[in-house]
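Take a look at the structure below.
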Amino acid sequence: MSQKQTTYVRRELSPVEGVHLTQESLPADLASAYASMRKVIENEDDFGAAWKLGGTTAATQKIFNVHKLYFGVLHQKELAVQPDVAPSFPTYELKGEAEIALRLAPSVDALLDQGADAVRSAPLEALFDGWCVALELPSSPVVNLVEMGVVALVADRCAAGYLALGPCRDLAEMTSWDSTQIRVEQNSQQITEGSASNLLSSADDCARSFLLEALEQGFRPRAGQWVSTGGATPCVPFEQGARIDVYYGQSQELSFTAGT
């Protein structure tokens, strides 16, 4: 930050220098933080490749003192399907958590045009046409992020870092989300595990709630974009250059080298 106080909003894809915020440098409120995010992304078509959710677990609601979900937007460069290396560029932090991500269906555009009531009542398959196990690697340069709270987090695009997507699965395979364990290994040693039952509501309900919140905040998600629904496992640090493997039950969904 310069000596002249300016309102913070993340403009870079991947800042690698720390930022210390003050109350004076924050957007006035959550709506203003979302408005700042919209201004950054409105002229860049590659933003919106995926959306990352927070406030969908008891832990994140407690940390940021919220009672509903919040979200950030990812750039196309911050997303990859079954990458060999993740992230593909340097980031301020190197850590990750496994999540369930859903892909927006072709019919979602028309439903969003019709408004919130149409989204609330739409059958699941009208909103989403696939899902996958994902590994979200958040990274925020804000060194006092928790102290500054959810307004700072949203202004930072919710600590956007990188999203590694596993192979896409059919919606018919979603019934075991809550019971199937997801584990993350580092150099063949388990470092975290959990399941979608860690979410406060089902992953598809979280994704539907995101669509409603996005409409309320003036965003328009589009067909083909992904919605990553929050931590099915705790977020843990990774070692630079370590081999990271993500398993859904006995199925290996992702295997990549951590960091560039």
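All heavy atoms count here, side chains included; hydrogens, waters and symmetry mates do not.
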Check whether [X] and [Y] end up in the same hydrophobic cluster, where Ile, Leu, Val, Met, Phe, Trp and Tyr are linked by side-chain heavy atoms less than 4.5 Å apart.
| X | Y | result |
| --- | --- | --- |
| L163 | F238 | no |
| V146 | Y8 | yes |
| L79 | I244 | no |
| Y247 | F256 | no |

Between the side chain of [X] and the main-chain N/O of [Y], is any donor-acceptor distance below 3.5 Å?
| X | Y | answer |
| --- | --- | --- |
| S107 | A126 | yes |
| D170 | A172 | yes |
| E12 | S14 | no |
| Q186 | E239 | yes |
| R10 | L13 | yes |
| S25 | L21 | no |
| Q225 | R222 | yes |
| S139 | E93 | yes |

Give, for atom [atom1] of [X] and atom [atom2] of [Y], the distance between the pair rounded to the nearest 0.5 Å.
| X | Y | atom1 | atom2 | answer |
| --- | --- | --- | --- | --- |
| K52 | L137 | NZ | CG | 9.5 Å |
| D204 | W177 | CG | CH2 | 5.0 Å |
| T56 | F71 | OG1 | CZ | 13.5 Å |
| Q114 | S121 | CD | OG | 8.5 Å |

Do [X] and [Y] have side-chain N/O donor and acceptor atoms under 3.5 Å apart?
| X | Y | answer |
| --- | --- | --- |
| Q217 | E213 | yes |
| T57 | N198 | no |
| E99 | T229 | no |
| E253 | S251 | yes |
| S188 | R243 | no |
| Y248 | S176 | yes |

Problem set entry | Pair listing, side-chain hydrogen bond (donor to acceptor under 3.5 Å, both in side chains) test, anchored in residues 71-84, at least two apart | E78-R157
For this session: May I ask you to decide whether R183 forms a salt bridge with E185, counting only side-chain N to carboxylate O separations under 4.0 Å?
Result: yes
Problem set entry | Electrostatic pair D109:R220 at N-O distance under 4.0 angstrom | no
[X] atom [atom1], over 12 foreign heavy atoms within 6.0 Å:
| X | atom1 | result |
| --- | --- | --- |
| Q240 | CD | yes |
| E17 | CD | no |
| Q181 | CD | yes |
| D45 | CG | no |

Quick one: closest heavy-atom pair of [X] and [Y], and the distance?
| X | Y | result |
| --- | --- | --- |
| W131 | I100 | CZ3-CD1, 3.9 Å |
| L200 | G55 | CD1-O, 4.4 Å |
| A98 | V246 | CB-CG1, 4.5 Å |
| L215 | G115 | CD1-C, 4.1 Å |
| L165 | A134 | CD2-CB, 3.9 Å |
| S140 | L145 | OG-CD2, 3.7 Å |

For this session: Give the intermediate values and the outcome of ring pair (Phe, Tyr, Trp, His ring centres under 6.0 Å) for residues Y34 and Y70.
Result: CA-CA 10 Å; Y34 280 121; Y70 48 86; 8.6 Å; no
Exercise. Using 30° and 60° as the class limits, which term best fits the ring planes of F210 and W51: parallel, tilted or perpendicular?
Worked result: tilted
Problem set entry | Evaluation steps, side-chain contact (heavy atoms from CB on, under 4.5 Å), between D245 and V184 | CA-CA 6 Å; D245 297 294; V184 181; over 6 Å; no
Problem set entry | side-chain contact (heavy atoms from CB on, under 4.5 Å) between K95 and C235, intermediate numbers included | CA-CA 7 Å; K95 59 185 181 181; C235 192; 3.8 Å; yes
Exercise. Step by step, would you call V150 with N65 a side-chain contact (heavy atoms from CB on, under 4.5 Å)?
Worked result: CA-CA 8 Å; V150 70; N65 191 29; over 6 Å; no
Exercise. Does R38 make a cation-pi contact with F219, if we ask for NZ or CZ under 6.0 Å from the ring centre and within 45° of the axis?
Worked result: yes
Problem set entry | side-chain hydrogen bond (donor to acceptor under 3.5 Å, both in side chains) between D178 and S195, intermediate numbers included | CA-CA 6 Å; D178 287 353; S195 75; 5.7 Å; no
Exercise. Please walk me through it: do L127 and R208 pass side-chain contact (heavy atoms from CB on, under 4.5 Å)?
Worked result: CA-CA 8 Å; L127 297 176; R208 189 189 297 261; 3.4 Å; yes
